[in-house]
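Please read the structure below before turning to the comments.
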Amino acid sequence: MAQNGEAENPIVVAGAGIGGLTAALALRQAGHDVVLMDRAAELSEVGAGLQLSPNAVSVLDRLGVLEALEPYVCAPEYLRIWSGRTGQQLGRVRFGDFIRKRHGHPFWVVHRADLQRVLLERVQETAGISVRLGTEVFDLTSSPYDDLMCVYRDDTETGKLCCKALIGADGVWSKTRRIVPGHQTARFSGQVAYRATLPMDGVSERWARDSGLWLHKDSHLVHYPVRAGRELNIVGLVQEDWEDETWSARANTETLLHRFRDWPSDIRNLLTIPDTWLKWALCSVDASGPWTHGQVALVGDAAHAMLPYMAQGAAMAIEDAAVLARHLPSDVQNIASALRAFERERKPRVSRIQNIAFRNASVFHYSGAGAFARDAVLRLSKPETLTARFDDIYSWTPDG
C-alpha cells in the first residue's frame with residue numbers, strides 16, 4: 001500500500017461528475033483500485049435536470065444505486081409535444097409502464113445534483129476507491145522503471161502517482177484531452193440553453209403531470225418534474241450568439257422573455273416565475289476524434305460532448321463507464337490494447353447518437369413547410385409508434 005493508504009498502481013479517474021463517478025464504481029466492480037481526482041474543493045452541481053432513459057438506468061442497476069436514487073426521480077407517463085406557435089398538442093411519446101415493460105428498465109427524470117450525490121455517496125462507501133478533491137490532473141509521464149506516472153496539483157504541492165491507466169472524465173473542457181494527440185477542442189454550436197428550476201407548488205397542475213417538449217422557429221423548450229415531483233425543471237434552447245467571458249452565466253429574464261416573445265401566453269407566464277435563470281453555451285466535441293492514447297482514455301463529454309437534442313449526453317457517459325470496465329477486467333494484461341478495443345466498440349454508437357442530436361437541432365427548430373410536415377407526422381403517429389423509434393437507443397444494456 002502507498003503511504004497515504006491508497007493501493008499502489010491504481011487506475012486514476014480525472015473528474016468527479018456523472019461520468020467519472022460512474023466510471024470509478026464500474027472499474028472498482030471490475031476489480032481495480034481507483035483514485036478519483038477532481039479540481040473542485042467541494043462537489044456541487046448547478047441546478048438542472050437530466051433524463052435517464054432505460055439504457056442508462058440499466059447501468060445504474062448493475063452498479064446497485066437504483067434503490068438509493070429512486071426516492072428522488074419521477075417517471076412520467078408521457079412526453080407531450082406541443083407547438084410553440086399555436087399552443088396545440090402535436091403528439092405524445094409513451095413512457096411509464098409501457099417503456100419499462102418494453103426495455104426492462106424505466107425512463108426517469110432526475111435533478112442532476114441528486115444523481116451526483118447518490119453516486120458520490122456510493123463511491124465514498126466503496127472500499128478500494130479513494131477520492132481526492134481540490135486535485136487536478138495535468139500531465140502523464142513515464143518513470144525510469146517504465147511505470148505510468150500521473151502528475152497532479154493540489155493546494156499544497158505538485159505530486160506524482162504511479163498508476164496503470166488514466167481515464168479522463170473531466171467534461172467538455174477536459175484537460176486530459178490534451179494528452180490525446182489529434183483530439184479537437186470543444187466548439188460552440190451557436191445555440192444557448194436557459195435553465196431554471198422552481199417549486200412545483202407555485203405552478204398549475206398541467207406542468208406537473210408529464211414531460212413537455214415545445215417546438216418553434218429557432219427555439220424549443222423542455223420541462224419535466226424532478227425531485228420526486230417537488231420541483232419543475234425548465235430548459236429553453238435558442239439560437240443565439242455567445243458574448244459572455246465564461247461558458248455559463250446568470251441570464252437576464254427580460255432577455256429570455258424577448259427570445260420567447262411570440263410564444264403562447266401560458267409559456268411566457270411560466271418563464272416569469274423563476275427568480276434566477278442561468279444560461280449555458282451549448283458546445284460539442286466531435287466523437288469521431290481519437291479517444292485513447294496508450295494507457296489514457298477519454299469518456300463522456302471529454303470524448304464526445306453532444307447537443308441535448310436527444311437527451312443522451314449523461315446516458316452516453318454512463319454507458320461508457322460500463323463498457324470501459326468490461327474491457328478492463330482485473331487481470332487485464334495489455335491496457336493500451338484494451339482501451340483501443342473500448343474505443344472501437346463505443347465510437348459507432350456514440351457518433352450515431354451525436355449525429356441524431358445534430359439533426360434534431362434542425363428538426364426541432366423548423367419553420368414554414370418543414371415545420372408543417374414535421375407537425376403532421378407527429379399528429380398522425382400513435383404514442384407507442386413514437387416510442388418505438390427509440391428502440392435501438394433504449395434497448396442497449398451493459399452486456400451489449
Side-chain angles (χ1 to χ4, degrees), residues 2-24 27-28 32-46 116 120 123 129-188 245-248 281 283-286 289-305 317 320-321 324 328 335-336 339-340 342-343:
Q3 289 184 353
N4 61 4
E6 292 172 349
E8 294 180 357
N9 214 31
I11 292 179
V12 173
V13 177
I18 304 302
L21 291 164
T22 310
L27 289 166
R28 180 56 190 158
H32 298 281
D33 291 300
V34 178
V35 175
L36 180 62
M37 298 183 179
D38 195 285
R39 64 181 177 178
E42 181 178 351
L43 294 183
S44 61
E45 273 289 352
V46 174
Q116 179 168 334
L120 178 60
V123 162
I129 304 178
S130 173
V131 180
R132 295 191 186 185
L133 299 181
T135 304
E136 182 176 16
V137 176
F138 70 93
D139 203 358
L140 202 63
T141 63
S142 297
S143 77
Y145 307 102
D146 294 326
D147 292 324
L148 197 64
M149 302 297 295
C150 172
V151 185
Y152 63 88
R153 289 195 189 104
D154 59 24
D155 290 339
T156 61
E157 64 174 355
T158 296
K160 293 183 178 181
L161 176 65
C162 184
C163 62
K164 52 187 167 185
L166 171 62
I167 308 303
D170 45 348
V172 65
W173 303 111
S174 170
K175 297 290 183 66
T176 311
R177 194 165 54 226
R178 298 177 304 181
I179 304 174
V180 179
H183 208 299
Q184 299 178 357
T185 189
R187 294 183 299 175
F188 175 52
E245 294 182 0
T246 60
W247 293 104
S248 64
C283 300
S284 64
V285 175
D286 187 357
W291 301 10
T292 62
H293 177 63
Q295 291 158 264
V296 181
L298 305 174
V299 299
D301 284 354
H304 48 69
D320 283 351
L324 177 69
L328 291 173
I335 290 178
L339 294 180
R340 289 193 297 272
F342 155 75
E343 179 179 1

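Being a predicted model, the structure only gives us computed values, none of them experimental. If you read the sequence from its start, that first residue is 1, and numbering goes on from there.
Counting all heavy atoms, side chain and backbone alike, A317 lies closest to G19 at CB-CA, 4.0 Å. Minimum interatomic distance between A302 and V285 (heavy atoms only, all atoms of both residues): O-CG1, 4.0 Å. Residue D320 comes nearest to W291 through the heavy atom pair OD1-CZ3, 4.3 Å, listed as atom of the first residue, atom of the second, then distance. L339 and A297 get closest at one heavy-atom pair: CD2-CB, 3.9 Å. Residues A14 and V137 share a closest heavy-atom pair of CB-CG2, 4.0 Å. Heavy-atom minimum distance, I129 versus A24: CD1-O, 3.6 Å.
Of the possible donor and acceptor atoms, none in the side chain of R132 sits under 3.5 Å from a partner among the backbone N and O of M37. Between the side chain of T135 and the main chain of L133, a donor-acceptor pair closer than 3.5 Å is present. A distance-only check finds a donor-acceptor pair linking the side chain of H32 to the backbone of L328 [under 3.5 Å]. D154 places no side-chain N or O within 3.5 Å of a backbone atom of G134 that could act as its donor or acceptor partner. The main-chain N or O of V151 is never found under 3.5 Å from a side-chain atom of D139 such that the two would form a donor-acceptor pair. Panel note: side chain Q295, backbone K164; a donor-acceptor pair is recorded below 3.5 Å.
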Next on the checklist: Please evaluate residues H183 and H293 with respect to the criterion side-chain contact (heavy atoms from CB on, under 4.5 Å), reporting the C-alpha separation (whole Å), side-chain torsions for both, the decisive distance (0.1 Å), and the verdict.
Outcome noted: CA-CA 10 Å; H183 208 299; H293 177 63; over 6 Å; no
Checklist entry - Can you check side-chain contact (heavy atoms from CB on, under 4.5 Å) on L166 and I179, steps first, answer last? => result CA-CA 10 Å; L166 171 62; I179 304 174; 4.0 Å; yes
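Between V34 and P10 there is no side-chain heavy-atom pair separated by less than 4.5 Å. No side-chain heavy atom of L148 sits less than 4.5 Å from a side-chain heavy atom of I335.
When the shell of 6.0 Å around CD of E42 is examined, it contains 12 or fewer heavy atoms from other residues, nucleotides or ligands. Heavy atoms from other residues, nucleotides or ligands lying under 6.0 Å from CZ of R28 number more than 12.
With values rounded to the nearest 0.5 angstrom, W173 atom CH2 is found 5.5 Å from T185 atom OG1. Note that the CG atom of N9 and the SG atom of C163 stand 7.0 Å from one another [nearest 0.5 Å]. Rounded to the nearest 0.5 angstrom, R39 CZ and D170 CG are separated by 8.0 Å. Note that CG of L21 is 5.5 Å distant from CG of L36, once rounded to the nearest 0.5 Å. In this structure, E343 CD and L324 CG are separated by 11.5 Å, a value rounded to the nearest 0.5 Å. A distance of 9.0 Å separates CD of E136 from CG of D38, quoted to the nearest 0.5 Å.
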